[in-house]
Amino acid sequence: MIDIKLIREKPEFVMENLKKRGGDPEILNEILEIDEKRRQLLTQLNQLRAKRNELSKLVAKLKAQKSEDVQKVLEESKDVSNEIKELESDLKKIEESLNLKLLYIPNILDDSVPVGEDDSKNVEVKRWGEPRKFDFDPRAHWDFAEKDWLDFERASKLSGSRFVVLKNKIARLERALINFMLDLHTKEHGYIEIAPPHLVRRETITWTGQLPKFEEELYNTQPDDLFLIPTAEVPLVALHANEILNESDLPIKYVAYTPCYRREAGSYGKDVRGMIRQHQFDKVELVKFTKPEDSFEELEKLLSDAEEVLKRLGLPYRVVSLCSGDIGFGAAKTYDIEVWLPSYNTYREISSCSNVTDFQARRGNIRYRRKDNKLEYVHTLNGSGLAVGRTLIAIIENYQQKDGTVVIPEALRPYMNGLEVLD
RNA sequence: GGAGAGGUGGCCGAGUGGCCGAAGGCGCUUGCCUGCUAAGCAAGUGUGGGUUUUUGCCCACCGUGGGUUCAAAUCCCACCCUCUCCGCCA
C-alpha cells in the first residue's frame, strides 16, 4: 500500500510510476475523486460530532441544574445524532471503496530501476563463473527420470500436472541442499531460523500484498479459508504485523525453509517439461526488516548472501536488475539471480531479491520507534536463498557426466555422508 | 466437538453510562544528582485523521461490526481472536 498523501500531493509522480509498470493510471483519478469526497464528508461529519459533544455536555449540565430547558436540547441533539448516523454510513461506504482501490496500487519504483515493458529490458548487473563446455550432449534434467530419480508420471497420477516425485538419492540431495543453505545463512550470514506455518489467514496474506489482487495464484482451503503460502516471505514478514519494533533490534534477519504452493494460473504452456515450474516447490527464503535509510544497502547484502550459495556450489550465474514492466507488485527494486541451465542453453531465475520499502509495512502496520520516540514504518526485504528445486536441477544438469552420473559439489558432500557421485 | 475465562496505550494493569484518551506501575526521553554504573529526584511521554502559514482548533480510536441512548471502554447482539480444562488425535 502506498501513502494516500503521496497520491494527493504528487499525483503526476504516482501516475508516471504506474505507467512505467504498464498499469492503467485512470484508477488514480478515481482514487483522487473518492478521496476528495471523503474529506468533504469527514469535515462535515466532524463539525456535527463536535456539536453533538457540545450538546451532550449541556444536557449533563442542565440535568444537574434541574433546568426545564433540557427537553429542547435533547430534541436538538437527537436530530444531530440522526444526521451523523446517515453521514457515517455514507463515509463507511466511501472508505471501503477507497481502501480497496488503494490495495490495487503497486509500490513506487526506485529511481535505479530500468524502464521497460518486459523482461527483455532487464539489465544484467554481473556474471559469475563460466558455463561449462561439454564434450558430449548434455541431458536435460527430465532425462534423468529414466534413472528412477524423478518420477513425473506417478506424480501426475497422484496430483495432476506440475508435480514431481523425488526418489532415492535425489530426494536426499534435496534435503542436503536445504540443510546446506540453512546452515550457511544462519551460521555465516547471521539470519535467525524460523519454521513458520504453511497455512495462513486471508488477512495475513493481504498484509504481504498477494491479496486481494492475486487470489487466483493461491491455493485456498475450505471451510476455514486458509491459504497455502506461495512463499515463506508471507509468514516471515507477517510475523511482526501490528507490532512496534525497537530501533536497536533492526535489522532483523530471518531465514526459513518451506515448501511453496502456487497455482501458476496464467502460465499455461510455459515450462511444461521437467520441474522448472511446479505447483509445489521447496525454497529457503530470506527476509529482513530494516530502517528506511538502510534498506537499499541491505538489499545489496541480501543479494550477496543469496549469491554465496551458488558460489559455494560452483554454479555459474548472472544477476539482472528487473525493469519496470517485469518487477513485482510490491517491490521498489528487484534483482533476479539466474543460474546457467544447459538444457535451456541460457540463464534461468533461481532467486529474486527485492526491497519492498514500506509497502508491506504499511499494509501490515509494522513500525519501529526511533530514539526520538517517533514511530515510522520499517522497510521489508525478501529474497530466495535459494529456490531448492531449481538448484537441484542446476546441479544435475551442470555436474552431469558422460556416463549419466552426477558429481556432487564439494560443499554438499558433508551433507551426503561424504558421497561424491550420484549414480 | 464440549465447558469456561479473556481481548484497554510500547508492556503490565485499573476502570460498569457524562468528571475517561483513559488511574497506577514498568519502559522510554530530558534535566538534576552521583568517581563510573546502578539507584534516587523532577518534568515529559498513545495513535490516526481533518483543518490551518504557525501557535492552534476539531474529530475518531479501549478486538471487529451492528444496536440502545441526548451521551458508550462501560449496556445489548453478532462475529473474530487468544488462553484454560475435557474429548479426539500426529
Side-chain angles (χ1 to χ4, degrees), chain A residues 1-9 31-103 195 197-207 211 220-227 235 238-250 252 259 289 291 358 361-378:
Chain A
M1 177 117 68
I2 67 171
D3 191 351
I4 177 91
K5 279 188 208 151
L6 187 66
I7 303 179
R8 205 184 289 156
E9 284 158 18
I31 285 175
L32 283 170
E33 213 173 286
I34 298 172
D35 180 51
E36 179 63 31
K37 225 192 281 174
R38 175 183 150 263
R39 278 149 64 212
Q40 275 176 14
L41 199 57
L42 200 57
T43 303
Q44 206 183 341
L45 186 58
N46 279 344
Q47 282 166 358
L48 282 171
R49 291 206 269 224
K51 186 164 187 192
R52 181 179 65 185
N53 289 343
E54 204 181 300
L55 290 174
S56 283
K57 276 181 198 158
L58 189 58
V59 167
K61 199 170 133 196
L62 290 178
K63 275 194 171 174
Q65 293 172 352
K66 300 212 158 55
S67 163
E68 288 166 9
D69 297 333
V70 171
Q71 204 51 40
K72 232 174 73 189
V73 178
L74 284 183
E75 273 164 35
E76 189 184 357
S77 185
K78 188 156 197 169
D79 289 344
V80 173
S81 274
N82 285 335
E83 210 174 331
I84 288 173
K85 235 172 244 179
E86 274 178 41
L87 291 186
E88 277 177 343
S89 121
D90 292 349
L91 183 69
K92 205 187 143 210
K93 280 182 209 144
I94 284 176
E95 287 190 330
E96 273 169 11
S97 111
L98 183 66
N99 281 336
L100 189 61
K101 284 187 161 51
L102 282 174
L103 286 174
H198 302 174
L199 288 161
V200 295
R201 295 198 182 107
R202 179 172 287 274
E203 196 182 14
T204 305
I205 208 157
T206 304
W207 294 332
L211 284 178
N220 175 260
T221 66
Q222 292 300 332
D224 298 311
D225 202 34
L226 292 173
F227 290 84
L239 275 181
H240 292 300
N242 296 314
E243 288 185 17
I244 293 173
L245 305 170
N246 292 323
E247 180 170 13
S248 57
D249 291 338
L250 300 176
I252 295 173
F289 301 80
K291 293 193 262 185
D358 62 359
R362 244 172 234 291
R363 288 176 166 238
N365 195 28
I366 311 171
R367 295 174 294 175
Y368 76 104
R369 194 176 291 282
R370 303 195 78 108
K371 284 206 185 69
D372 61 6
N373 261 341
K374 289 269 182 291
L375 291 176
E376 191 165 19
Y377 290 111
V378 298

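All heavy atoms count here, side chains included; hydrogens, waters and symmetry mates do not. The sequence lines fix the lettering, A, B, ..., with proteins before strands; numbering per chain opens at 1.
Between A:Asn82 atom CG and B:U69 atom C1' there is a gap of 12 Å when expressed in whole angstrom units. Put simply, NZ on A:Lys78 is 12 Å from C1' on B:A71, counting in whole angstrom units. We find that CG of A:Asn242 is positioned 14 Å from P of B:U82, with the value rounded to whole Å. Protein atom CG of A:Leu58 is 15 Å distant from nucleotide atom P of B:C19, rounded to whole Å. Remark: C1' of B:G10 and CD1 of A:Ile244 are 6 Å apart, rounded to the nearest angstrom. Rounded to a whole Å, the NZ atom of A:Lys374 is 12 Å from the P atom of B:U45. Distance CD1 (A:Ile84) to C1' (B:U69): 13 Å, rounded to an integer number of Å. Spacing between atom CZ of A:Arg49 and atom P of B:G18 amounts to 21 Å, rounded to whole angstrom units.
Comparing the P positions of B:U8 and B:C83 gives an interatomic distance of 14 Å, to the nearest angstrom. Look at the P atom in both B:A73 and B:U64: the space between them is 12 Å, to the nearest Å. Between B:G46 and B:C12, the distance separating the two C1' atoms is 15 Å to the nearest Å. Taking atom P on both B:U53 and B:G65, the two are 33 Å apart, rounded to the nearest angstrom. Straight-line distance between the P atoms of B:G31 and B:C36: roughly 16 Å, to the nearest whole Å. Separation of the P atoms belonging to B:G87 and B:A3 is 15 Å when rounded to the nearest angstrom. Look at the C1' atom in both B:U45 and B:U84: the space between them is 36 Å, to the nearest Å. Spacing of P atoms, B:U47 relative to B:U29, comes out at 16 Å, to the nearest Å.
Using a 4.0 Å heavy-atom cutoff across all strands shown, A:Arg370 reaches no nucleic acid atom at all.
Checking each of A:Lys5, A:Arg8, A:Lys101 against A:Asp35 for a side-chain contact (heavy atoms from CB on, under 4.5 Å) leaves exactly one that passes, namely A:Arg8.
Between A:Asn53 and B:A60, a side-chain N or O to OP1/OP2 separation shorter than 4.0 Å is present. Neither OP1 nor OP2 of B:C70 sits under 4.0 Å from any side-chain N or O of A:Arg52. Close to B:G66, at under 4.0 Å from its OP1 or OP2, lies a side-chain N or O of A:Lys92. Between A:Lys85 and B:U68 there is a side-chain polar atom (N or O) within less than 4.0 angstrom of OP1 or OP2. A close approach under 4.0 Å does not occur between any side-chain nitrogen or oxygen of A:Arg362 and OP1 or OP2 of B:G48. At the phosphate of B:G18, neither OP1 nor OP2 sits under 4.0 Å from any side-chain N or O atom of A:Lys57.
Inter-residue side-chain proximity for A:Lys63 and A:Val59 is flagged as met; some heavy-atom pair is nearer than 4.5 Å.
Under the Watson-Crick or G-U wobble criterion, with both distances below 3.5 Å, B:U34 is left unpaired in every strand shown. Across all strands shown, B:G18 forms a Watson-Crick or G-U wobble pair, both distances under 3.5 Å, with B:C70. Across the strands present, B:C85 finds its partner in B:G2; the criterion is a Watson-Crick or G-U wobble pair with both atom distances under 3.5 angstrom. Of the nucleotides present, B:A78 is the one that pairs with B:U64 by Watson-Crick or G-U wobble criteria, both distances under 3.5 Å. Under the Watson-Crick or G-U wobble criterion, with both distances below 3.5 Å, B:U45 is paired with B:G27. Pair check for B:U55 finds none; no Watson-Crick or G-U wobble contact set falls under 3.5 Å.
Checked for salt-bridge contact, A:Lys291 and A:Glu376 miss the test: no charged N lies under 4.0 Å from a carboxylate O.
Each of A:Leu42 and A:Ser77 was matched to the nucleotide of RNA chain B holding its nearest heavy atom; the match closer to the 5' end belongs to A:Leu42.
Relative to the side chain of A:Arg369, the nucleotides B:G50, B:G10, B:C59 differ in distance, and B:G10 lies closest. Set against B:U51, B:C70, B:C59, the side chain of A:Thr43 has B:U51 as its closest nucleotide. Among the nucleotides B:G18, B:G50, B:U47, the one closest to the side chain of A:Arg367 is B:U47. Of the candidate nucleotides B:G18, B:G49, B:C58, B:G18 has the atom nearest to the side chain of A:Val59. Between B:G49, B:C70, B:U51, one nucleotide has an atom nearer to the side chain of A:Ser81 than all others, and that is B:C70. Here the side chain of A:Arg39 is nearest to one of B:G49, B:U51, B:G10, namely B:U51.
The local environment of CD in A:Glu33 is sparse, with at most 12 non-hydrogen atoms from other residues, nucleotides or ligands closer than 6.0 Å. At most 12 non-hydrogen atoms from other residues, nucleotides or ligands lie less than 6.0 angstrom from CD of A:Glu86.
Between A:Ile31 and A:Leu102, the shortest heavy-atom distance links the atoms CD1-CD2, 4.0 Å.
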